[in-house]
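Working notes for the structure below.
Scope of the values below: all heavy atoms of this structure, side chains included, with no hydrogens, waters or symmetry mates. Note on naming: letters A, B, ... go to the chains in the order of the sequence lines (proteins, then strands), and numbering restarts at 1 for each one.
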Amino acid sequence: MHYFCFRINGETNKQIHDKKMKYFHNDIEKKWQKIWADNQTFKASNNSEKPKYYVLDMFPYPSGAGLHVGHPLGYIASDIYARYKRHKGFNVLHPQGYDSFGLPAEQYAIQTGQHPAKTTEANIKTYRKQLDRIGFSFDWSRELRTSNADFYKHTQWIFTELFNSYYCNIDNKAFPITELVTELEKNGNAKVNSPCDEDTPQISANDWNNFSDKEKQEFLLKYRMTYLSETTVNWCAELGTVLANDEIVNGVSERGGHAVIQKKMMQWSMRISAYAQRLLDDLQGLDWPQPIKDIQTNWIGRSQGAMVSFNVIAKKERLKQSVSVFTTRPDTIFGVSFMTLAPELDLVKEITTPEQKEAVEAYIKATAKRSARDRESDVKNISGCFTGAYAEHPFTKEPIPIYIGDYVLAGYGTGAVMAVPCGDQRDYDFAKHFDLPIPNIFKDVDISENAHEDKGNTIIDNSDFLTDLPYKKAFKTVIYEMEKNGFGYKKINYRLRDAVFSRQRYWGEPFPVYYKDGMPQMIAKEHLPIRLPEVENYLPTSDGKPPLGNASVWAWDCETAAVVSNDKINNTTIFPLELNTMPGWAGSSWYFNRYMDAHNTEEFASQEALNYWQDVDLYIGGSEHATGHLLYSRFWQKFLFDLGYVPKKEFAKKLINQGMILGESAFVYRLVYTNQFISKNRFKNLLNNKNLLPKEEKLISKNWNNDEKGLIYQSIHIDVSLVNNSNELDIEAFKNWRKEYKDAEFILEDDKYIVGIEVEKMSKSKYNVVNPDLICEEYGADSLRLFEMFLGPLEQSKPWKTAGISGVYSFLKKLWKLYQIDESGVAHISEEKPSKESLKTLHKTIKKVEEDIEKFSFNTSVSTFMIAVNELTQQKCNHREILEPLLVLLSPYAPHITEELWSKLGHKTSISTVAYPVFDASHLIESNKTYPISFNGKMRFTLDLSLDLSKEDIEKAVMADERTIKQLDGKTPKKVIVVPGKIVNIVG
RNA sequence: GCUCGAGUGGCGGAAUUGGUAGACGCGCUGGAUUCAAAAUCCAGUUUUUUCGGAAGUGUGGGUUCGAUUCCCACCUCGAGUACCA
């Protein structure tokens, strides 16, 4: 009874009088979400007559904070597209899952002892609840989690496949390592052209056949697609683990912002560099955003040049040593006046003369002390040290001094450069600093101030056989000469490094690897998964081993093919297991294939499923994964393709990066040590008039400012929910928000306190997070979906302003009204032929919405819907012939309300697979055109004219118009431009 | 520094094979309805104006009958990358 009264009071007298049913989003949305789930409406079939379409979102990491309104943006877009494709007659695969291994759950475990699996499970529940409220058409029957053993079992298997493969540069693909073994048995590695470790020696068939089993394994490891090696890694002590290059931002860890140093460790690596050229080439065929392609292109960093080797001479006595350098400018070789080596190179110690030993060692020590960040930020200071050694110029045979310097990086090329000071600014600066000669090898070029770095238009000079040649010619000639003489060759170099694949963490995929005699052994596919062991403590062990070192049951019994207790290790049949785990990107590098056949227990996916779904047609996610996930996934896909496991060499045809939704942070301005708050304007005045402030205490920190009296003010983030649509603070709510503000005093302006607003990234600490649950509660999921799309172009980042949602909400209410639902829930609509006007509105809407959706221009299609509903309301249209197709058009965007109205129109089945309305151009044919009449390109008035008129008739009609005469003011126009159907321009 | 992207009302944004700049929405102003509020509806809202108009899409130039759209130079902001030899 009470509820009933409340309802009546909630309605206007007029509405009660009309006996109309109001739009109640809550009941409708819950109802349809349940119907979809119960009927498995969006379950995709692996068999269908329909063409396939695979729409995928980058799956989320289920963090403890839950979703904010920024997260679902991409999911809403992909969901609209998936639903649209269903209307268009496609068999749509639109799955969702969780990237559920990761650091936060582990750090939570370290702090609280709660098992990461438990934390993850709880977070996923929250996520799922939040996602369900938004009405996505996900096929949840295919849900996957990277931390589930039935998923990571296949991640482990892919790892063993990588281990059991090598790359052949001749066929340009990966092969099983057994084929390499056959070749080694027959011919050694003389004819093998494969990416391998740099220290790989040349061996004969005889050498190979005489190798012990261990030696063979050691040798093969140099060729495998994943290999163990002593690598210089980015070590983060705070996190107790190594980090990949893309996990480091501005020299500190992406997560947590901790210091990162270089350290040598035995690590698993992925030979992604073998795929560098293919990763580059195949970007061409991808419908991906250009910025992403550019980022990947830069990251791969292909450069063409030559490898040149310089023999080292020391005190006239020739040593065997030589220094190899990579250069993109072999044509400038006669300009070499010294060489510089990276201080870290082992070679440095070998060539340094006794006299220089002390200085060199001191320099090496000094550089090692500096962090990578220091070294990067301090580019201007030139430093280096002479080694005392000389190299011999390969052409002139002149001695060249060898220096070490930290501007040369050990990680790129060979870690050594031939310095050409006249052609490279860094070499130039180094030469000036150490007073080294700067020979000029460019014709008519002044190098007295700076190096000359142009290559296109300069002619080479003072260079023996290269003199008078332009760049291209000289480049070719010098390489020809080098190859002829055997001290150099043409070489393509890549910036892309092999990816370190080991992490010293607990919450990740365990490697299916045990160690026999120090050599890694793969566990066969049939014994997978190797499950993550239980540990007491998630921290590294006291002796510095990774967290898995805490596991007591972590040994492999080869006889029983089982994980057994560590104390049984005998190193004959029972061996220790690998202690590292895989990095976060392992599972995400192939998960898109798993959705095709998510419950297959034998294979990662069946061949039938893979051949049916092929690849992702549309992939939506953030651009922050450009050099991580999106590159590693392409690499694994190519590898699986080479071995014949997947049908496509690229996993995603089209990629869209959704922009970030920013939050509006609210600020109040407080006088420090008091509870007095000043207004935004007063605070801004203080900021702008810094000279009002006493000199000695101007700015204490970013957010602290002085007032003219020398008092300090502070801007404080406050919760955005304490502020209304006009940025006015709810003072009472604020006082209750935090107990320290209980006695807050405000200096009001017009009886209001207006907060300051700044647009920033949404984050808990800035109190600007908007929870989609609250939006769904108040306005409904349909409003949320429409509003997120309406904010602006999908790819752009844009600020969120909850106040704006009333626009789309009232749009839905207007839409509902069109259907004239009476109190008993029956729609009163006309079966008559609609007016021409209404048909025109419908068909122009069909045309525009379809064009927009194909362009992923969702914001403009929402406007189009609003225009359509405004027009139809104006036309008092209640005709089925219009209102039914309108629902289908809108249903991808606002699935709940359209399902409800669809059922109210008498339909018993879901709207989700109803055929998309067909555009009929005949409804848009016009007989008249409102011509804009311009004078010198400025529109002055419009004139309605028949479209049948000829150019001459139009001109006559325009010239006869009194407004034209007035505008011309007696002057004769020079020219009249008439574009029939478009515009008339009169040039005066 | 290099690479890429973007600059349009108070705000989010719309319009590009060059053809009516500011669609749609928010906010704001006024009005209707109401005892009142919410909700709803109507009108207005780039600037300036002597109410005839005039100017106007970061700045300066150019091409054109006509430029937010094309070209050149510059400024500002954002993203990526950073001694890559």
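Within 4.0 Å (heavy atoms only), T340(A) reaches no atom of the nucleic acid at all. Within 4.0 Å (heavy atoms only), S806(A) reaches sugar-phosphate atoms of the nucleic acid but no base atom. Within 4.0 Å (heavy atoms only), K814(A) reaches sugar-phosphate atoms of the nucleic acid but no base atom. S934(A) comes within contact range of no nucleotide atom at all, as no heavy-atom separation falls under 4.0 Å. In this structure, N493(A) reaches neither bases nor backbone, as no heavy-atom distance under 4.0 Å exists between it and the strands shown.
Comparing the same atom, C1', in rG22(B) and in rU47(B) gives a spacing of 13 Å after rounding to whole Å. Nucleotides rG9(B) and rG27(B) have their C1' atoms positioned 12 Å apart, rounded to a whole Å. With both ends at atom P, the span from rC70(B) to rU57(B) equals 15 Å, rounded to whole Å. Here the separation of rU68(B) from rG58(B), taken at their P atoms, is 9 Å to the nearest Å. One P atom belongs to rA14(B), the other to rA23(B), and the distance between them is 13 Å to the nearest Å. Here, rG61(B) and rG1(B) have their P atoms 26 Å apart, quoted to the whole Å. rU8(B) and rA55(B) have their C1' atoms separated by 15 Å, given to the nearest Å. Between rG18(B) and rG66(B), the two C1' atoms lie 8 Å apart (nearest whole Å).
Note on K813(A): every side-chain N or O is 4.0 Å or more away from OP1 and OP2 of rA39(B). Within the 4.0 Å cut-off from OP1 or OP2 of rA54(B), at least one side-chain nitrogen or oxygen of R940(A) is found. Proximity of R426(A) to the phosphate of rC84(B): a side-chain N or O atom is located under 4.0 Å from OP1 or OP2. In this structure, N859(A) reaches the rA14(B) phosphate: one of its side-chain N or O atoms is under 4.0 Å from OP1 or OP2. At rA82(B), one or more side-chain N or O atoms of R495(A) fall inside 4.0 Å of OP1 or OP2 (strictly under the cut-off). Between Q796(A) and rG13(B) there is a side-chain N or O to OP1 or OP2 distance below 4.0 Å.
Relative orientation of the F865(A) and F811(A) rings is tilted, given thresholds of 30° and 60° on the angle between their planes.
An anti base is found at rG80(B): its glycosidic angle is more than 90° from 0. A syn base is found at rG9(B): its glycosidic angle is within 90° of 0.
Between E664(A) and N768(A), the side chains place no donor N or O within less than 3.5 Å of an acceptor N or O (distance only, hydrogens not considered). Of the N and O atoms on the side chains of D294(A) and Q290(A), at least one donor lies less than 3.5 Å from an acceptor on the other residue. T387(A) and Y363(A) share no side-chain donor-acceptor pair at under 3.5 Å. Between Y494(A) and S273(A), the side chains place no donor N or O within less than 3.5 Å of an acceptor N or O (distance only, hydrogens not considered). A donor-acceptor pair shorter than 3.5 Å cannot be found between the side chains of S861(A) and T864(A).
The pairing partner recorded for rC74(B) is rG58(B), the criterion being a Watson-Crick or G-U wobble arrangement whose two distances lie under 3.5 angstrom. Across all strands shown, rA23(B) forms no Watson-Crick or G-U wobble pair with both distances under 3.5 Å. Across all strands shown, rC84(B) remains unpaired; no Watson-Crick or G-U wobble contact has both distances below 3.5 Å. With a 3.5 Å ceiling on both atom-pair distances, the Watson-Crick or G-U wobble partner of rU40(B) is rA32(B). Across all strands shown, rA79(B) pairs with rU3(B); the Watson-Crick or G-U wobble distances both stay below 3.5 Å. The pairing partner recorded for rU16(B) is none, the criterion being a Watson-Crick or G-U wobble arrangement whose two distances lie under 3.5 angstrom.
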- Message: Determine whether F338(A) and F430(A) satisfy the following criterion, ring pair (Phe, Tyr, Trp, His ring centres under 6.0 Å), listing intermediate values before the conclusion.
- Response: CA-CA 10 Å; F338(A) 61 99; F430(A) 196 86; 5.5 Å; yes

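Distance I977(A) CD1 to rG19(B) P: 15 Å, rounded to the nearest Å. We find that CD of Q290(A) is positioned 15 Å from C1' of rA79(B), with the value rounded to whole Å. Summarising the geometry, the separation between CG on N870(A) and C1' on rU40(B) is reported as 14 Å, rounded to the nearest angstrom. If you measure from atom CG of D852(A) to atom P of rA15(B), you get 8 Å, rounded to the nearest angstrom. When rounded to the nearest whole Å, the span between CZ of F811(A) and P of rC24(B) equals 14 Å. The interatomic distance linking I661(A) (CD1) with rG78(B) (P) rounds to 20 Å, in whole Å. The interatomic distance linking F865(A) (CZ) with rA14(B) (C1') rounds to 17 Å, in whole Å.
Distances were taken from every side-chain heavy atom of K801(A) (C-beta onward) to each of rC11(B), rA23(B), rU20(B); the shortest belongs to rC11(B). Listed nucleotides: rA14(B), rG12(B), rC65(B). Nearest to the side chain of V987(A): rC65(B). Each of rU20(B), rG12(B), rC84(B) was ranked by its minimum atom distance to the side chain of Y412(A); first place goes to rC84(B). Among the nucleotides rU20(B), rG66(B), rA14(B), the one closest to any side-chain atom of K929(A) is rU20(B). For K798(A), the listed nucleotide lying nearest its side chain is rG12(B); candidates were rA85(B), rA15(B), rG12(B). Of the candidate nucleotides rU20(B), rG19(B), rC84(B), rC84(B) has the atom nearest to the side chain of L409(A).
Along RNA chain B, the nucleotide nearest to V417(A) and the one nearest to S810(A) differ in position, and the one closer to the 5' end is contacted by S810(A). Comparing I295(A) and E664(A) by the nucleotide of RNA chain B that holds the closest heavy atom to each, the one mapping nearer the 5' end is E664(A).
Between the side chain of D294(A) and the base of rC4(B) there is no donor-acceptor pair of N/O atoms closer than 3.5 Å.
Here Y779(A) and F787(A) keep their ring centres 6.0 angstrom or further from each other.
Contact check on E850(A) versus K855(A) returns no salt bridge, with no Lys/Arg side-chain nitrogen under 4.0 Å from an Asp/Glu carboxylate oxygen.
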